[in-house]
Amino acid sequence: MAVILGIESSCDETSASICIDGEIKSNIIASQAIHAKYGGVVPELASRVHLQNIIPTVDQAIQQAKIHKNDIDAVAFTRGPGLLGALLVGTSFAKSFALARQIPLIEINHMQAHILAHFIEEPKPRFPFLCLTVSGGHTQIVLVNDFFEMELLGKTLDDAAGEAFDKTAKILKLPYPGGPLVDQYAKQGDAFAFKLPEPQIPGLDFSFSGLKTAILYMVQAEERKNPNFLNERLADVCASVQQRIVTILLNKLASASLQTGVKQIAIAGGVSANSGLRRQLTELGLRNGWDVFVPKLEYCTDNAAMIAIAGYKKYLRKDFVEQDVAPLARMHF
Ligand code: KG4
Ligand code: ZN
């Protein structure tokens, strides 16, 4: 039997999870409400709240899994990418726990873990598959050849898709994090009410910074005509913005499938919680004969279950790290 403790602390969620023989037994997530009043994640505050949360979160994960801490066989933690101070809390905790208990330590790449969340539950994709990984910090199209053999086919040249949602929300005077709110308002709006440009970026790369500017100018122009514009048309603006972001993402994903001939298609990361993206990907998949894989909502945004499942795969390979390991703000596959 292999019992893995997974720890995630790369941004503003402190999370701990227990995985037993590849099965997730608990996934505790402590979100940090403090950032909302600043309109974005404040790195120094994130580190301090991680420090307060880490021990109670791990305790709760152990309790919910109905195990004792002495039953844990290895600790997997997010080494990067993320906020350095935030990563340092999870990394230091994991190292201390492993040292005290004399058990192996396993480093995990956060972006790989988002993709490996697809191996928590059925149906699981077959290799090779394509994964569109869309979060607050990244937008990537990844060719996944094996659990830890991943090839980056395309990435954003500026803002991430999650940032595009959050920055739009800010323009629309919605609180942080705005992505889920834009999704909510979009449900009542007309997705074709406002025309927004599709950036012409060659290959499989993305760009979202022009879209943000286009939205700002559009809102400013409309507000000059009608100062109450945002109140009256919020749902239509959200629906139009969401429609544009989703088509940018899906057009590139379709190109990647054509180029590689791969028809196993997955999405991962916080933005994969977006209802428009989930629905339109499913429809596109039906038209194109793809097998589509969409993670359960709790495994889309940051969580430690994805770290624990990735840790379990590395545990089977005896892929361990030493105590001198340090977190990395930037980390490639
Ligand atoms: O993966 P994640 O939890 O954290 C990072 O690693 O960045 O992703 C967070 C991002 C935020 O930008 C948030 O606004 C966005 O995911 N997000 C959404 C939705 N839920 C989360 N964006 C659009 N629609 C949603 N339903
Ligand atoms: Zn993430």
Side-chain angles (χ1 to χ4, degrees), residues 6-15 17 27 29-32 35-36 39-41 43 46 50 77-84 86-87 90 108-118 131-140 142 155-156 159-172 174-187 189 191 206 208 211-212 238-250 266-281 294-307 310 329-331:
I7 305 281
E8 158 63 32
S9 74
S10 66
C11 192
D12 59 345
E13 252 96 30
T14 319
S15 183
S17 167
N27 180 34
I29 303 168
S31 299
Q32 304 184 354
H35 306 289
V41 177
H50 281 306
F77 68 98
T78 304
R79 185 180 180 192
L83 301 170
L84 199 58
L87 291 163
I108 300 295
N109 178 308
H110 180 88
M111 299 311 294
Q112 284 194 336
H114 269 302
I115 296 173
L116 296 178
H118 283 285
C131 190
L132 172 72
T133 316
V134 270
S135 71
H138 294 83
T139 301
Q140 303 177 333
V142 181
K155 61 178 185 322
T156 184
D159 291 349
E163 249 176 309
F165 272 107
D166 295 339
K167 287 180 176 172
T168 298
K170 214 169 188 171
I171 295 171
L172 305 182
L174 297 172
Y176 179 87
L181 287 172
V182 173
D183 189 353
Q184 283 308 314
Y185 284 109
K187 285 180 183 150
F206 299 90
F208 289 100
L211 180 62
K212 175 188 61 193
C238 287
S240 303
V241 170
Q242 179 168 300
Q243 179 62 26
R244 176 44 79 215
I245 295 175
V246 168
T247 48
I248 292 172
L249 294 172
L250 292 184
I267 51 171
V271 180
S272 61
N274 182 267
S275 61
L277 178 61
R278 293 166 88 92
R279 194 191 63 246
Q280 294 193 44
L281 172 65
V294 177
K296 211 164 126 181
L297 279 179
E298 73 170 301
Y299 301 135
C300 288
T301 44
D302 289 349
N303 67 86
M306 66 186 195
I307 306 302
R330 288 169 169 272
M331 189 177 179

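Order of listing sets the numbers, starting from 1, for every ligand and every atom in it.
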Examine His138 and say whether one of its N/O/S atoms is closer to the Zn ion (ligand 2) than 2.8 Å.
no
Could you please compute the angle at the Zn ion (ligand 2) from OD1 of Asp302 to NE2 of His114, rounded to 10°?
100°
Looking only at protein heavy atoms, what sits closest to atom 26 (N) of ligand 1 is Asp183 OD2, 2.8 Å
I need the nearest protein heavy-atom contact for atom 22 (N) of ligand 1: residue, atom name and distance, please.
Gly179 CA, 3.6 Å
Flag, side chain of His50 to backbone of Cys11, donor-acceptor distance under 3.5 Å
yes
Return yes if some donor-acceptor pair links the side-chain N/O of Asp159 with the main-chain N/O of Ala164 below 3.5 Å, else return no.
no
Among the N, O or S atoms of His110, the one nearest the Zn ion (ligand 2)
NE2
Protein residue, atom and distance nearest to atom 7 (O) of ligand 1, heavy-atom basis
Gly136 N, 2.8 Å
Mark yes or no for whether Arg278, through its side chain, and Pro295, through its backbone, hold a donor-acceptor pair below 3.5 Å.
yes
Nearest non-hydrogen partners of Met111 and Ser135, listed with the distance:
CE-OG, 4.2 Å
Distance-only N or O hit between ligand 1 and Phe165, under 3.5 Å:
no
Quick one: does ligand 1 sit under 4.0 Å from the side chain of Gln242, the backbone, both or neither, non-hydrogen atoms only?
neither
To which protein heavy atom is atom 15 (C) of ligand 1 closest, and what is the distance rounded to 0.1 Å?
Val271 CG2, 4.0 Å
From Ile267 CD1 over to Cys300 SG, what is the distance, rounded to the nearest 0.5 angstrom?
6.5 Å
Ignoring hydrogens and angles, tell me if any N or O in the side chain of Ser9 forms a donor-acceptor pair with the backbone of Thr14 under 3.5 Å.
no
Ranked by distance from atom 13 (C) of ligand 1, the top protein heavy atom is Asp166 OD1, 3.8 Å
If you measure from each non-hydrogen atom of Asp302 to ligand 1, which part falls under 4.0 Å: side chain, backbone, both or neither?
both
For side-chain contact (heavy atoms from CB on, under 4.5 Å), just list the numbers for Val134 and Leu277, CA-CA rounded to whole Å, side-chain angles, deciding distance to a tenth of an Å, and then say yes or no.
CA-CA 11 Å; Val134 270; Leu277 178 61; 4.3 Å; yes
Looking only at protein heavy atoms, which one is nearest to atom 17 (N) of ligand 1, and how far off is it?
Gly270 O, 3.6 Å
Nearest non-hydrogen protein atom to atom 24 (N) of ligand 1, with distance, is Asn274 ND2, 3.0 Å
Between ligand 1 and His114, is the shortest N or O to N or O distance under 3.5 Å?
yes
Can you list the residues that meet the salt bridge (Lys or Arg N to Asp or Glu O under 4.0 Å) rule with Lys296, with sequence neighbours excluded?
Glu121, Glu298
Where does His110 meet ligand 1, judged by heavy-atom distances below 4.0 Å: at the side chain, the backbone, both, or neither?
side chain
Closest contact, heavy atoms only, Ala305 versus Asn27:
N-OD1, 3.2 Å
I need the Lys170 NZ to Lys212 NZ distance, nearest 0.5 Å.
10.5 Å
